[in-house]
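First the structure, in the form of C-alpha cells, and then the observations on it.
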Protein chains: 4
Amino acid sequence: MNRDKILATALTLFVERGFSGTPTALISKEAGVSTGTLFFYFKTKEELIDTLYTCIKQEAAEALSLGSRKDKTVAGKIRHYMANAVAWGIQNPKKITFMEQFANSPFVSKGAHEEGTSHFLFMEDLVHDGIREGSIRPIDVNLLFCIMGSSIGAIIELASKEQDPGRRQKIVDDGLDLIMGGMRA
Amino acid sequence: MNRDKILATALTLFVERGFSGTPTALISKEAGVSTGTLFFYFKTKEELIDTLYTCIKQEAAEALSLGSRKDKTVAGKIRHYMANAVAWGIQNPKKITFMEQFANSPFVSKGAHEEGTSHFLFMEDLVHDGIREGSIRPIDVNLLFCIMGSSIGAIIELASKEQDPGRRQKIVDDGLDLIMGGMRA
Amino acid sequence: MNRDKILATALTLFVERGFSGTPTALISKEAGVSTGTLFFYFKTKEELIDTLYTCIKQEAAEALSLGSRKDKTVAGKIRHYMANAVAWGIQNPKKITFMEQFANSPFVSKGAHEEGTSHFLFMEDLVHDGIREGSIRPIDVNLLFCIMGSSIGAIIELASKEQDPGRRQKIVDDGLDLIMGGMRA
Amino acid sequence: MNRDKILATALTLFVERGFSGTPTALISKEAGVSTGTLFFYFKTKEELIDTLYTCIKQEAAEALSLGSRKDKTVAGKIRHYMANAVAWGIQNPKKITFMEQFANSPFVSKGAHEEGTSHFLFMEDLVHDGIREGSIRPIDVNLLFCIMGSSIGAIIELASKEQDPGRRQKIVDDGLDLIMGGMRA
DNA sequence: TATGAATGAGGCTTCATTCAT
DNA sequence: GATGAATGAAGCCTCATTCAT
C-alpha cells in the first residue's frame with residue numbers, strides 16, 4: 001500500500017522534474033509517508049527508479065500484446081499492436097513520458113534496461129516475418145523499429161492534447177496510416 | 001576562449017548526466033578553469049544552460065536551411081531539409097541529444113524555449129503549402145511535424161551507429177523514403 | 001534465551017564496530033530476532049550496553065578470584081590472580097577487548113562503571129599488604145595497579161596469537177615473571 | 001590554518017566522544033568553520049581521522065627519538081626513549097589517548113595503521129640488540145614491546161593526575177624503574 | 001579576467017524507538 | 001513474548017554561489 005503510493009508519486013515527480021531534480025524527501029512527502037518509509041521499501045533512490053522502470057516496461061509490454069489473434073496478416077498484427085500501444089499511452093501519459101525520458105538514462109541500471117527491452121523482442125520478430133513474406137519494406141529492422149517507436153510517441157503526444165473522442169481517434173488513425181503507409185513494401 | 005570551453009564541456013556533461021546531475025564544479029574542472037571563472041561568464045547555472053540551448057537551436061536551424069533553392073517541389077524541399085537535419089545530427093550527436101533531452105525541460109527557461117522554437121516555423125509553413133497544393137497527405141500539421149521530428153531523431157540515432165559510409169547513407173535514404181512515403185498524399 | 005542471544009551478539013558487534021558504529025537493527029538481525037524483541041528486553045541501547053558491561057565485569061571478577069588459598073605469600077597470591085586473569089582473558093578474548101574498550105567510555109553509565117570497579121578492590125588491598133610487609137616495591141599503589149592491568153592486557157593479546165599450548169604458556173609465564181620481577185622489592 | 005583548527009578540534013572530540021559519536025557538524029562548529037570547509041580539506045570523515053592518526057604517530061615518533069646519543073648501553077637508550085615517550089605523553093595527553101583509542105580501530109584505514117607503526121620499528125631493533133648482547137631478558141620481543149607500550153601508557157595516565165612536579169617525576173622514575181627492572185636479564 | 005577557499009542550505013540515507021497486530 | 005512496518009530527527013556529504021586576492 002505505502003509502497004504503491006511511493007511508486008505512483010515517484011512516477012509523477014520524476015516525469016515533472018527529472019531524477020536528480022526530485023528530492024526523495026519530496027517523494028515521501030507527496031506520498032504521505034515519512035522519509036524512513038521510502039527507504040524501508042527501496043534501499044536507495046536508484047533502486048526506486050529501477051523498480052519503477054521495470055514495472056512500467058512490463059505493464060506496457062502486457063498492454064501491447066492484448067488480443068491480436070484476429071488479425072491474419074503481419075501488417076494487420078503490427079497495426080494492432082501499435083494501436084494497443086497508442087491506446088495505452090493515451091491512458092497512461094505519465095508512464096509513456098517516463099519510459100521515453102529514462103530509456104537512455106544513466107540513472108536506470110543496465111540490468112533494468114535489459115530486462116525492460118526483453119519484453120519487446122517479439123515485436124522485432126514480427127517485423128522480420130513481415131519482411132520475409134514481402135509485405136514490409138526490406139529495410140534495417142532496427143531503423144523500422146526505431147521510427148515506429150518514436151512515431152508512436154509522437155501520435156500519443158498529439159492525441160493526448162485533443163479532448164474530443166472523434167477527433168482524437170482521427171489523429172490516431174491518420175498517424176498509424178502514415179506509419180503503415182511508409183512501412184509497406 | 002574559456003567561455004567556449006565551458007559551453008562545450010557543459011554540453012557533454014549535461015548530455016551524459018543530466019542538468020541536476022552535473023555539478024558546476026565538475027564543468028569547470030573538466031573545462032580546465034576555476035569555479036569562479038564559470039560564474040564570471042554565466043551568472044547562474046540556469047543562465048549557462050539557457051545560453052547553451054539557444055546557441056544550439058540556432059545553429060541547428062541554420063544548418064537545416066542551407067541551400068534548398070534547387071528543389072522545385074514542396075516534397076523535394078521537405079526532403080532536402082530533413083536530409084540537412086539528419087546530416088547535421090550525425091555530425092553533432094551531442095547537440096542532437098541535448099536538444100531532445102531539454103526540449104521539454106523545466107531547467108531551460110520559457111524564453112529560451114520560445115526563441116528556440118521560432119527558428120523552425122518556416123518548416124511548418126512549408127508543410128502547410130504541401131497540403132494546400134495536394135502533394136502532402138491532408139492531416140493535422142502538428143501530427144505530421146511531430147512524426148517527422150521524432151523520425152529524424154530515430155534515423156540519426158541508427159545511422160550514427162553505422163561506421164561504413166555507404167551503409168550509413170542507405171539507412172538515411174531508407175529512413176527518409178519511409179517517412180516521405182507515409183507523408184505523400 | 002533470546003535475551004542471551006542478544007547480549008552475545010551485542011558483545012561481538014560492539015567489540016568489532018564500537019558502540020555508535022553498531023546499529024540496534026544489526027544486533028537484532030545477527031541475533032536472529034526482530035527489532036521489537038531487542039527493545040522488549042532492553043529499554044534503550046544504553047541499557048543494553050550497561051547490562052553487558054556489568055555482567056562481564058562481574059564474570060571477570062569471579063574468574064579472577066578462583067582458588068587462591070594455597071598461596072601463602074602476598075606475591076604468590078598476586079601472581080595467582082594475575083594468572084587467573086590471563087587464563088580467563090585468553091578464553092574470553094571478546095570480553096577482554098570489550099572491557100578495555102569501554103573502561104572509559106561515555107556510553108557506559110557512571111553507575112555501571114562504579115559497580116564494575118567495585119569487584120576488583122580486593123586486589124588493591126592485597127598490593128597494600130605486600131608493600132606493608134616489605135615484599136612489594138613501595139611505590140604508588142595506583143601506578144603498580146595500573147601497570148599490572150595494562151601488562152596483563154598485553155600478555156593476553158600476545159598469548160592469544162600463539163596457537164601452540166606450550167609456547168603460549170611460556171609467553172604467559174615470561175610475561176608474569178617480567179611484571180613480578182619489576183614489582184618485587 | 002582552518003585545516004589545522006579542524007584537526008585540533010577533531011582530536012579533542014574524537015578522544016572525548018569516539019569516532020562515530022562525533023558528528024562532523026560538531027567538529028566544524030567547534031573549529032569555527034562551516035561544514036563545507038571541513039569537507040573541502042578532508043574528502044570524508046575517514047580521511048580526517050586517517051590524517052590525524054598519521055600526523056600524531058609521526059609526531060610521537062619524532063619526540064621519542066630526540067637526543068639519545070649520550071647513552072652508551074642498550075638499556076640506557078631504551079630508558080631514554082621511554083622517558084621521552086612519557087614526557088611527550090604528559091605534555092600531549094589527548095594525543096596519547098587518541099593513539100591508544102584508535103590503535104586497533106576499524107575507523108582508521110589499514111594504510112594509516114601501517115604507516116603509523118613503521119615509525120617505531122627502530123625500537124624493536126634496539127630491544128633485539130639488547131637481547132643479543134645479554135643485557136635484556138631473552139623473551140619474545142613482541143611481548144616485551146607490548147608490555148613496554150602499555151606500561152608507558154599507564155605511567156602517563158598516573159603521572160598526569162599528579163600536579164606537583166617533584167612527585168610527578170617520582171612516579172615516572174618509579175614506573176620506569178619497575179619496567180626496566182622487569183626487563184633486565 | 002582568473003583563482004580557489006569559504007559558505008550553508010539542502011540532499012540521501014541511517015537508525016533508535018514505537019506500536020498495532 | 002514476538003513481529004516488522006512506520007517514524008522523523010540527525011548524520012554525512014554535495015553543491016551553487018560569493019569574494020578577497
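Note: hydrogens, waters and symmetry copies are ignored here, and every other heavy atom, side chains too, is used. Below, read A as the first sequence line, B as the second, and so on, with proteins coming before strands; counting in each chain starts at 1.
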*Please confirm whether any donor atom in the side chain of Thr44(B) sits under 3.5 Å from an acceptor in the base of dA16(F), or the reverse.*
no
*asked:* Between the base of dG11(F) and the side chain of Thr24(D), is one N or O donor paired with an acceptor at under 3.5 angstrom?
replied: no
_dT1(E) versus dT21(F) - spacing of their C1' atoms, nearest Å_ = 13 Å
*On a plain distance test, is the side chain of Thr35(C) in donor-acceptor contact with the base of dA16(E) below 3.5 Å?*
no
*Nearest 0.5 Å, what's the CG-CD1 distance between Leu11(D) and Ile49(D)?*
10.0 Å
*Can you tell me the distance, in whole Å, between the CZ atom of Phe39(C) and the P atom of dA2(F)?*
15 Å
_Difference in axis direction between the ends of the helix from dA2(E)-dT21(F) to dT21(E)-dA2(F), five pairs, 10°_ = 0°
*Is there a donor N/O on one and an acceptor N/O on the other, under 3.5 Å, for the side chain of Thr37(A) and the base of dA5(F)?*
no
*asked:* Between P on dA5(E) and CD1 on Ile6(D), what's the gap in Å once rounded to a whole number?
replied: 12 Å
*Among dG11(F), dA2(F), dG11(E), which is the nearest nucleotide to the side chain of Pro23(A)?*
dG11(E)
*Proximal nucleotide (of dG4(F), dT13(E), dC15(E)) relative to the Phe40(A) side chain*: dG4(F)
_Over all strands shown, is Thr22(A) touching base, sugar-phosphate only, or nothing at heavy-atom distances under 4.0 angstrom?_
sugar-phosphate
*Enclosure of Lys5(D) NZ (heavy-atom neighbours >12, cutoff 6.0 Å)*: yes
_Can you tell me which nucleotide in dT17(F), dT3(E), dC13(F) comes closest to the side chain of Ser34(B)?_
dT3(E)
*Which distance, rounded to the nearest 0.5 Å, do you find between the CD of Glu16(C) and the CG of Leu26(C)?*
9.0 Å
